[in-house]
Student: 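Below: one structure in structure tokens.
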Amino acid sequence: MQENKYLVTFSPHERDELMTDKVMMYVVYSLLPAVAVSIYFFGFYALKTYILTILFTLGFEALFQKIRKKPITLSDNSALVTAILLAMNLPPASPWWLILVGSFIAIIVGKQVYGGLGQNPFNPALVARVFLLISWPAQMTYWIKPNPITAGFIFDAVSTATPLGQSKTEILTNGKILTSFNGVSDYFIGFMSGSMGEISAVALLVGAAFLMYKKIISWHTPFSYIISFMVIIVPYWLLNPDKSLNPIVHLFTGGLMLGAFYMATDMVTSPVTKKGQIIFGIGCGVLTAIIRLFGGYPEGVSFAILIMNAFVPLIDFYIRPKSFGEATNA
Amino acid sequence: MGFYGFAGGIHPRYNKGLTSDKPVEILNTNKDDQVFIPLSQHIGAPAKPVVKKNDEVKRGQVIGVPSGFVSSTIHSPVTGTVLGIVKVPHPISGSVDAVHIKVTELDEGYEHISTDKKFQEIVLDAGIVGLGGATFPTHVKLSPPKKIDYLIINGAECEPYLTCDHRLMVEKTEEVLKGAEIIRQNLGEDVKLIIGIEENKPDAIEKFKRIAESNVEIVPLEVKYPQGGEKQLIKATVNRVVPEGKLPLEVGVVVQNVGTCLAVYEAIKMQKPLVERVVTVTGAVKTPKNLMVKIGTPIGKLIEACGGFIGTPKKIVMGGPMMGFAVTSLDTPVMKGTSGILVYRDEDLPDLNMTNCIRCGRCVTACPMGLVPAIMEQFTLNEMYEKVLDWHVLNCIECGCCSYVCPARRPLVGYFKTAKREVMKILKQREQNAGK
């Protein structure tokens with residue numbers, strides 16, 4: 001036999017150009033409008049949080065892989081996505097140590113202990129958020145008032161409440177909502193207090209449209225999420241108008257937009273089939289609505305998505321689409 | 001009848017422009033040229049050689065006879081002396097037996113086959129197999145045990161780069177059509193004839209429409225891979241779904257490739273056995289061409305005829321880029337199923353940097369068979385073959401769409417090829433156990 005000088009590999013011999021690092025970068029690009037809005041409203045605080053989260057997150061990923069003597073995979077950009085999503089889930093004025101702990105939880109506990117990219121059952125950024133929320137509730141609900149950058153850099157943050165938080169407090173203390181939440185257009189644009197990435201529905205929608213255009217995410221998860229959420233919220237609000245926020249306000253406040261379009265669609269921790277994604281989305285929507293209406297926390301998105309993450313292996317296992325030509329009735 | 005389409009599929013870069021306007025050139029043989037005709041050029045049992053060393057053979061003479069029902073006849077493509085039965089490199093089996101012949105006379109005539117027989121026997125005697133690449137012996141397909149109502153001619157040619165079928169459709173329209181008509185008549189008088197052609201071959205569609213009689217339907221197909229997959233083609237043209245694990249005839253359909261139609265025409269009308277075929281030689285060669293090549297010609301000769309390589313060849317693929325096989329040697333001979341020779345340089349090859357599966361689900365969307373490659377991969381890697389079977393791995397047509405779209409560069413279809421072999425073993429074992 002002559003020496004084999006030609007490369008032999010399985011077919012196909014051509015590949016689509018899209019690779020993992022590019023997929024992750026598209027997610028990063030899609031988040032940029034929301035990043036810009038948060039920097040516009042929270043200025044220095046937002047900037048500092050983004051920079052610290054990225055440094056800590058990438059640092060932990062590299063450090064852990066170095067300790068385990070594994071190849072360092074920062075170039076797949078997945079840690080960068082986690083960093084930005086984590087930052088978006090934090091209050092703008094988070095202290096540096098909170099960010100450090102959050103980054104540790106996200107990367108080490110949320111991702112690397114399972115084997116790194118693709119292996120984690122739970123969304124790393126959400127694991128960190130929920131951990132921090134339970135451990136440091138005060139720091140995690142210290143909301144500052146949005147203050148457009150155009151008004152000058154302000155370093156004396158004024159504390160305030162989020163619409164969801166305030167309405168929850170009023171329901172718990174007075175049995176009904178007292179304040180009228182009419183700033184729908186403000187909420188839509190992002191002129192409200194809240195976690196950095198949650199405030200601007202419009203910026204998130206622009207990014208999500210980009211992701212859908214690039215076919216990185218599909219409509220299945222976010223639409224089923226939002227629709228099933230509204231299916232519970234709307235009738236409840238019609239029956240108890242003074243015990244629930246207007247559904248439109250519900251839609252644009254809190255983490256719903258960020259959760260539906262960016263966290264629930266996290267490919268690693270959601271089902272691989274479209275049918276599975278719809279079921280997953282419905283689960284998220286129902287759980288979010290229940291927690292928001294009846295739970296002790298004002299906001300249910302993080303919990304809902306994490307709980308549904310746990311069901312993904314089950315959904316993937318039982319929701320097998322019919323194969324081409326498979327007998328429909330055996 | 002309209003176009004019905006199928007779910008899944010991909011849109012690779014077609015790169016057909018390199019050769020789509022190049023008329024088929026005949027690759028001449030010279031005295032003392034050597035050809036190596038493999039005895040196994042079809043699915044099924046290899047042919048038995050009927051010549052021995054130092055025999056003189058005529059072009060068109062039978063040199064291998066079928067050794068089973070799913071087997072076919074092999075003819076000498078040249079007039080010359082048999083130098084022996086040798087092993088030649090084969091992209092799938094590693095090496096196979098081939099009849100080694102040295103050309104002694106430049107003879108373009110051929111030994112005629114007898115046409116005083118049943119149609120199926122003539123086709124078998126002519127050594128005709130499916131020229132689309134799967135090389136299923138054609139005579140078997142022409143003896144359907146069931147009532148057939150459609151004959152679909154596959155002119156989709158959905159593999160990127162390949163243009164051999166395209167050229168045949170443009171240059172030999174009449175012969176292809178007549179061949180199709182012959183097959184149709186033998187399948188039954190009331191069988192309807194459909195020709196499916198991808199829309200990126202407007203000249204072929206137009207030519208067929210001009211020549212074909214009104215009882216032939218030309219269906220332009222969406223440009224999408226694997227449009228020429230048998231089951232996909234049937235779904236797209238007559239909207240029938242071939243049940244899993246069954247053949248097209250189950251839904252009353254027979255599918256034939258355009259090259260096969262031409263071969264049938266030549267066998268019946270010209271008494272000519274199948275000794276040559278059109279091969280698209282493309283990629284990193286100086287002048288990409290469509291060549292009429294004698295079966296058994298080493299592919300190195302084809303590349304020479306195209307002016308040689310551009311740069312350093314890194315990978316040479318026999319067939320199309322999606323389902324073709326990488327060859328190890330330029331000595332590999334052209335076979336009946338060889339539709340193309342595609343040369344890649346290092347710089348033409350895709351980045352295959354693998355990451356973990358990110359569960360993006362692109363493979364699920366791309367699969368034209370409705371499978372879930374992402375999950376089947378997990379089972380395969382864990383050697384849970386019973387589970388892969390439950391997830392219908394045997395329905396995989398190995399088209400490679402899943403691997404193509406995978407951003408993590410997982411070799412999915414490769415895993416499933418392995419899994420299918422293992423699953424077949426399990427099924428065999430089960431059968432034996434049941435027999436006890």
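Per chain, numbering begins at 1; letters A, B, ... match sequence-line order.
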Student: Do Tyr6(A) and Pro313(B) touch side chain to side chain, with heavy atoms closer than 4.5 Å?
Tutor: yes

Student: Which one, Ile10(B), Val405(B), Val242(B), leads in non-hydrogen pairs under 4.5 Å with chain A?
Tutor: Val242(B)

Student: With only heavy atoms counted, which part of Lys87(B) is less than 4.5 Å from chain A, the side chain, the backbone, both or neither?
Tutor: neither

Student: Does the plane of the ring in Phe379(B) sit parallel, tilted or perpendicular to the ring in Phe317(A)? Use 30° and 60° as the thresholds.
Tutor: perpendicular

Student: Measuring heavy-atom distances to chain B, does Val268(A) have an atom under 4.5 Å in its side chain, in its backbone, in both, or in neither?
Tutor: both

Student: Just verifying a value: how many Å separate Leu371(B) CG and Glu326(A) CD, rounded to the nearest 0.5 Å?
Tutor: 9.0 Å

Student: Can you tell which part of Ser270(A) gets under 4.5 Å to a heavy atom of chain B, answering side chain, backbone, both or neither?
Tutor: backbone

Student: If you take all heavy atoms of Pro350(B) and His13(A), which pair is closest and at what distance?
Tutor: CD-O, 3.5 Å

Student: Has Phe64(A) got more than 12 heavy atoms of other residues, nucleotides or ligands less than 6.0 Å from its CZ?
Tutor: yes

Student: Indicate the atoms forming the closest heavy-atom contact of Asn356(B) with Gly116(A), along with that distance.
Tutor: ND2-C, 4.5 Å

Student: Hydrogens and angles aside, do Asn395(B) and Ser323(A) bring a side-chain donor and acceptor to less than 3.5 Å of each other?
Tutor: yes

Student: Give a yes or no on whether Lys274(A) atom NZ has more than 12 heavy-atom contacts from other residues, nucleotides or ligands under 6.0 Å away.
Tutor: yes

Student: Supply the atom-to-atom distance Met24(A) CE to Ile358(B) CD1, rounded to the nearest 0.5 angstrom.
Tutor: 4.5 Å

Student: Heavy-atom distances under 4.5 Å only: say whether Asp346(B) touches chain A with side chain, backbone, both or neither.
Tutor: neither

Student: Could you walk me through whether Thr355(B) and Leu117(A) pass side chain to side chain contact (heavy atoms under 4.5 Å, CB included), step by step?
Tutor: CA-CA 8 Å; Thr355(B) 69; Leu117(A) 174 68; 4.1 Å; yes

Student: Using non-hydrogen atoms only, which part of Glu17(A) is less than 4.5 Å away from chain B: side chain, backbone, both, or neither?
Tutor: both

Student: Just how far is it from atom CG of Leu352(B) to atom CE of Met19(A), taken to the nearest 0.5 Å?
Tutor: 7.5 Å

Student: So which atom in Thr20(A) and which in Ala408(B) form the shortest heavy-atom distance, rounded to 0.1 Å?
Tutor: OG1-CA, 3.3 Å

Student: Could you check which of Glu398(B), His392(B), Gln232(B), Lys387(B) has the highest count of heavy-atom pairs closer than 4.5 Å to chain A?
Tutor: His392(B)

Student: Tell me the closest heavy-atom pair linking Val241(B) and Gly325(A), and the distance in Å.
Tutor: CG1-CA, 3.4 Å

Student: Specify which of Lys235(B), Lys246(B), Arg13(B) makes the most heavy-atom pairs with chain A at under 4.5 Å.
Tutor: Arg13(B)

Student: Using a strict threshold of under 4.0 Å (side-chain N to carboxylate O), is an ion pair present between Glu244(B) and Lys322(A)?
Tutor: no

Student: When heavy-atom pairs shorter than 4.5 Å are enumerated against chain A, which of Gly319(B), Gly324(B), Gly320(B), Pro12(B) gives the highest number?
Tutor: Gly324(B)

Student: Measuring from Lys5(A):NZ to Thr312(B):OG1, what's the distance to the nearest 0.5 Å?
Tutor: 9.5 Å

Student: Please state whether the side chain, the backbone, both or neither of Leu349(B) comes within less than 4.5 Å of a heavy atom of chain A.
Tutor: side chain

Student: Show the nearest heavy-atom pair for residues Tyr344(B) and Glu14(A), with the distance to one decimal.
Tutor: OH-OE2, 2.6 Å

Student: If you take all heavy atoms of Arg409(B) and Asp16(A), which pair is closest and at what distance?
Tutor: NH2-O, 2.7 Å

Student: Can you confirm whether the side chains of Lys417(B) and Ser11(A) place a donor and an acceptor under 3.5 Å from each other?
Tutor: yes

Student: For Cys360(B), which atoms come within 4.5 Å of any heavy atom of chain A: side chain, backbone, both, or neither?
Tutor: both

Student: Between Asp390(B) and Arg320(A), does any side-chain N to carboxylate O distance fall below 4.0 Å?
Tutor: no

Student: Is it the backbone or the side chain of Ser403(B) that comes under 4.5 Å from a heavy atom of chain A, or both, or neither?
Tutor: both

Student: Is Pro160(B) in contact with chain A via its backbone, its side chain, both, or neither, using a 4.5 Å heavy-atom distance?
Tutor: neither

Student: Given heavy-atom pairs under 4.5 angstrom as the criterion, report whether the side chain, backbone, both or neither of Ala374(B) touches chain A.
Tutor: side chain

